[in-house]
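Before any comments, here is the structure.
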Number of protein chains: 2
Amino acid sequence: MSTLRYALLAALHAGPLTGYEIVQRMRRPIGYYWTAQQSQIYPELARMTADGLIDHDVAAGPGPHDRKIHRLTAAGRAELAQWLVQPPQRRPPKDELVLKTYALAAADREAMRALYRAEAQKHRRRLDDYLAQQAQAEAQGHDDPANPKFGAYATLRMGVAAERTMLDWCEWLVLRLER
Amino acid sequence: MSTLRYALLAALHAGPLTGYEIVQRMRRPIGYYWTAQQSQIYPELARMTADGLIDHDVAAGPGPHDRKIHRLTAAGRAELAQWLVQPPQRRPPKDELVLKTYALAAADREAMRALYRAEAQKHRRRLDDYLAQQAQAEAQGHDDPANPKFGAYATLRMGVAAERTMLDWCEWLVLRLER
DNA sequence: CCCTGCTATGTCACTTCTGAAATAAACTAT
DNA sequence: ATAGTTTATTTCAGAAGTGACATAGCAGGG
């Protein structure tokens, strides 16, 4: 089973969603650490339905197709629970900025410094955004492990930590590249 | 041009290498933040040669094929320099452990706690390894921006920071999931 | 009334990436 | 001797992922 499948099972773990809603969630709460295009999601949902991991209610949709509200079956829930406790397979992170850094010596130093300054700003903005979301989640008690939204809160915390790490690293480079 | 192409140009920026040596480097110094299989690397090197970005000397190899020592051409070096200073395209990070965390509520709590404890240990080990490499690099003066190996040192520093972030996060979860 | 944007699903061509196998010389350890 | 590992390149089938397009109802602003 592909990781995409598990990502979709994970998306549905807290309640039924339409394919469209999953696409939206792949941008923010799950999307901090997983993404998929709708062109991947819709066919995969169909295959998972065929395999009995999910099923759906049908409702009249706005466009030419029916709205499908997907929900985990017992088999899907079992498959998810079993996968969750398995050690994750390490897929090495890919980051273009760090890759560029490796060959930094082959570019103009001042231009690279400007690049890190610009990236730092992007990370600062994203950090502020995540921090605001985190404060809101805490105000709603999501930081309690007994709360069903604790999982989403924990991934958000990872987002905050990762942004802070990137920001610090970019700022370190800006300082270090000073002539 | 695909990012793989730029990764290969970056790999060659400091001097000529064989395809095999690039495969090795994709595990450690570059590999902290970029990876590719040899089945991607060899055909891409051939295409890049056809496009005039790299060329190579030929030497007798151990196996049935000749050894090819690849080197950037002027065109390749120009292409690399131009790409380096361009803002990186954000490809969202994918991490199975964080994805699992999102659906944490669907699994047994003690089993999840054990998972984070095991992951914390992996990160602690990797952190120690990177830290040792970092100390060695500093002893050799790679932390000076004027040193040609400064780029590799900076990526290693990112590796250290990222491992520390993941370790802290895992330990936070172990504590938080205490009953 | 028209245009834009949002909801909602589905499809296609294409690129990228993974995993495995084939080949064979040279070196290392038993 | 011989067994196993490392060096080194090439190729292939298949899986995963990207980007763009098609369809169409409904809401809101100008």
Side-chain angles (χ1 to χ4, degrees), chain A residues 1-8 11-12 16-28 30-31 33-51 54-70 89-96 99, chain B residues 1-8 11-12 16-28 30-31 33-51 54-70 89-96 99:
Chain A
M1 297 238 301
S2 66
T3 305
L4 174 60
R5 233 161 214 234
Y6 292 114
L8 296 177
L12 292 168
L17 294 171
T18 66
Y20 189 76
E21 286 169 321
I22 295 176
V23 171
Q24 305 310 303
R25 268 162 189 70
M26 283 286 174
R27 295 196 213 288
R28 301 216 113 208
I30 307 181
Y33 283 93
W34 203 266
T35 33
Q37 305 294 99
Q38 59 172 30
S39 54
Q40 266 188 292
I41 292 171
Y42 284 110
E44 189 64 34
L45 286 172
R47 265 174 264 135
M48 288 165 75
T49 305
D51 293 347
I54 56 176
D55 60 15
H56 57 258
D57 283 339
V58 176
H65 305 285
D66 281 336
R67 233 166 82 89
K68 292 177 186 167
I69 300 135
H70 303 276
Q89 49 177 128
R90 167 134 167 101
R91 60 177 65 232
K94 289 194 173 188
D95 187 303
E96 271 198 14
L99 175 58
Chain B
M1 296 242 300
S2 65
T3 305
L4 174 61
R5 239 165 206 232
Y6 292 113
L8 296 178
L12 291 169
L17 294 171
T18 67
Y20 189 78
E21 286 169 321
I22 295 175
V23 171
Q24 304 312 302
R25 266 161 191 69
M26 283 287 174
R27 296 195 212 287
R28 301 214 113 205
I30 307 180
Y33 281 93
W34 202 266
T35 32
Q37 306 294 97
Q38 57 173 29
S39 54
Q40 265 188 292
I41 292 171
Y42 284 107
E44 189 64 35
L45 286 171
R47 265 174 263 133
M48 288 165 75
T49 304
D51 293 347
I54 56 176
D55 59 16
H56 57 259
D57 283 339
V58 177
H65 305 284
D66 281 337
R67 235 164 80 88
K68 292 177 185 166
I69 300 136
H70 302 276
Q89 48 177 127
R90 167 135 167 101
R91 61 179 63 229
K94 289 194 172 187
D95 187 304
E96 271 199 14
L99 175 58

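The figures here come from the full heavy-atom set of this structure, side chains too, leaving out hydrogens, waters and symmetry mates.
For the pair B:Glu44 and B:Ser39, nearest-nucleotide mapping onto DNA chain C gives the more 5' position to B:Glu44. Take the nearest nucleotide of DNA chain D for A:Pro64 and for A:Arg47: the residue whose nucleotide is more 5' is A:Arg47. Summary of the strand contacts: B:Tyr20 and B:Lys94 both lie near DNA chain D, and taking for each the nucleotide with the nearest heavy atom, the more 5' one is attributed to B:Tyr20.
Counting all heavy atoms, side chain and backbone alike, A:Tyr42 lies closest to A:Tyr20 at OH-N, 3.3 Å. Here the shortest heavy-atom pairing between B:Leu8 and B:Met26 reads CD2-CE, 4.1 Å.
We find that CZ of A:Arg91 is positioned 12 Å from P of C:dC17, with the value rounded to whole Å. In this structure, CG of A:Asp66 is placed 14 Å from P of D:dA24, rounded to the nearest angstrom. Here the C1' atom of nucleotide C:dT15 and the CD atom of B:Gln89 are 13 Å apart, to the nearest Å. Between the C1' atom of C:dG10 and the CG atom of A:Leu45 lies a distance of 12 Å, rounded to the nearest Å. Across the protein-nucleic acid pair, B:Arg67 atom CZ and D:dT6 atom C1' stand 13 Å apart, rounded to whole Å. The interatomic distance linking B:Gln40 (CD) with D:dG17 (P) rounds to 13 Å, in whole Å. In this structure, CE of A:Met48 is placed 13 Å from P of D:dA16, rounded to the nearest angstrom. For the pair B:Tyr42 OH and D:dT9 P, the interatomic distance rounds to 4 Å; values are reported in whole Å.
As judged by a 4.0 angstrom heavy-atom cut-off over every strand, A:Gln38 is placed among the base-contacting residues.
Rounded to the nearest 0.5 angstrom, B:Lys94 NZ and A:Thr35 OG1 are separated by 4.5 Å. Taken to the nearest 0.5 Å, the CG atom of A:Leu12 stands 6.5 Å off from the CE atom of A:Met48. Rounding to the nearest 0.5 Å gives a distance of 11.5 Å between CG of A:Leu45 and CD of A:Gln38.
Checked against D:dT10, D:dT18, C:dG10, the side chain of B:Lys68 finds its nearest nucleotide in D:dT10.
Dashed line: the shortest gap from a side-chain N or O of A:Thr35 to OP1 or OP2 of D:dG17 is not under 4.0 Å.
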